[in-house]
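Beneath this line is the structure, given in structure tokens, with notes to follow.
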Amino acid sequence: QVQLVESGGGLVQPGGSLRLSCAASGFTFRSYSMSWYRQAPGKERELVASITSAGLSRNYADSVKGRFTISRDNAKNTVYLQMSSLKPEDTAVYYCNAAKYILRRMEYWGKGTLVTVSS
């Protein structure tokens with residue numbers, strides 16, 4: 001079965017760092033683009049960062065540019081999100097997403113991991 005399992009979330013102080021991981025299984029990971037989304041209480045889900053299947057191109061939301069870095073290791077079927085200089089507004093549940101297009105969009109979602117930035 002397809003699985004995307006996020007880990008690494010937790011409580012951090014403003015200015016701190018955290019690295020999220022998403023372990024994938026049950027599909028051909030190297031054929032999928034990978035993304036991190038987040039959703040804060042009372043707000044809509046937003047795309048945080050994405051990386052193409054071969055890891056050659058990356059995109060970030062303006063709010064996290066210069067602070068977050070997305071990367072992937074296709075040999076380990078894992079995608080990462082390194083978060084630095086964290087702010088309270090980064091507090092959200094972070095979700096891992098895998099997607100590819102064959103006639104139509106196909107995607108998988110993880111269950112999320114909570115990141116809380118607070119003193």
Checklist entry - With no hydrogens and no angle check, is any side-chain donor or acceptor of E6 less than 3.5 Å from a backbone partner on G112? => result yes
Item to check | With sequence neighbours excluded, residues passing side chain to side chain contact (heavy atoms under 4.5 Å, CB included) with K76 | outcome: D73, T78, Y80
Checklist outcome for this item: When every non-hydrogen atom of N97 is compared with those of E107, the smallest separation belongs to ND2-OE1, 3.2 Å
Checklist entry - Partners of R30 by salt bridge (Lys or Arg N to Asp or Glu O under 4.0 Å), sequence neighbours excluded? => result none
Checklist entry - Are I51 and Y108 co-members of a hydrophobic cluster defined by side-chain heavy atoms under 4.5 Å apart? => result yes
Next on the checklist: Parallel, tilted or perpendicular, judged at 30° and 60°: which one describes the rings of Y95 and W109?
Outcome noted: perpendicular
Checklist outcome for this item: Output for pair (L56 CG, R58 CZ), nearest 0.5 Å, gives 8.5 Å
Item to check | Note, S17 side chain near V12 side chain (heavy atom, < 4.5 Å) | outcome: no
Checklist outcome for this item: Only residue of L81, V79, L20 satisfying side chain to side chain contact (heavy atoms under 4.5 Å, CB included) with C96 is V79
Checklist entry - What do you reckon, is NZ of K100 surrounded by more than 12 foreign heavy atoms closer than 6.0 Å? => result yes
Next on the checklist: Less than 4.5 Å apart, side chain to side chain, heavy atoms only: is that true for L47 and S35?
Outcome noted: yes
Item to check | Joint hydrophobic cluster, V93 plus V64, side-chain heavy atoms closer than 4.5 Å | outcome: no
Next on the checklist: Taking the side chain as everything from C-beta on, heavy atoms only, tell me whether S53 gets closer than 4.5 Å to S31.
Outcome noted: no
Checklist entry - Shortest non-hydrogen contact from A24 to L4? => result CB-CD2, 3.5 Å
Checklist entry - Does a side-chain heavy-atom distance below 4.5 Å link D90 with R67? => result yes
Next on the checklist: Any side-chain to backbone donor/acceptor pair from Q39 onto A92? Under 3.5 Å, distance only.
Outcome noted: no
Checklist entry - Can you tell me if Y32 uses its side chain to pair, donor with acceptor, with the backbone of M106 under 3.5 Å? => result no
Checklist entry - Going only through I, L, V, M, F, W and Y residues with side-chain contacts under 4.5 Å, is there a path from M83 to Y60? => result yes
Next on the checklist: If the condition is salt bridge (Lys or Arg N to Asp or Glu O under 4.0 Å), which residues does K65 pass it with, not counting sequence neighbours?
Outcome noted: D62
Next on the checklist: Walk me through whether N74 and M34 qualify under side-chain contact (heavy atoms from CB on, under 4.5 Å).
Outcome noted: CA-CA 11 Å; N74 284 351; M34 300 297 298; over 6 Å; no
Item to check | Donor-acceptor contact present, side-chain R45 to main-chain Y37, <3.5 Å | outcome: no
Checklist entry - Below 4.0 angstrom, N of the basic side chain to O of the carboxylate: do E46 and R38 qualify? => result yes
Checklist entry - When the ring planes of F68 and Y94 are compared, do they come out parallel, tilted or perpendicular, using 30° and 60° as the limits? => result tilted
Next on the checklist: To the nearest 0.5 Å, what is the distance between CG on N77 and CD on Q3?
Outcome noted: 12.5 Å
Item to check | Whether T69 side chain and Q82 backbone form a donor-acceptor pair below 3.5 Å | outcome: no
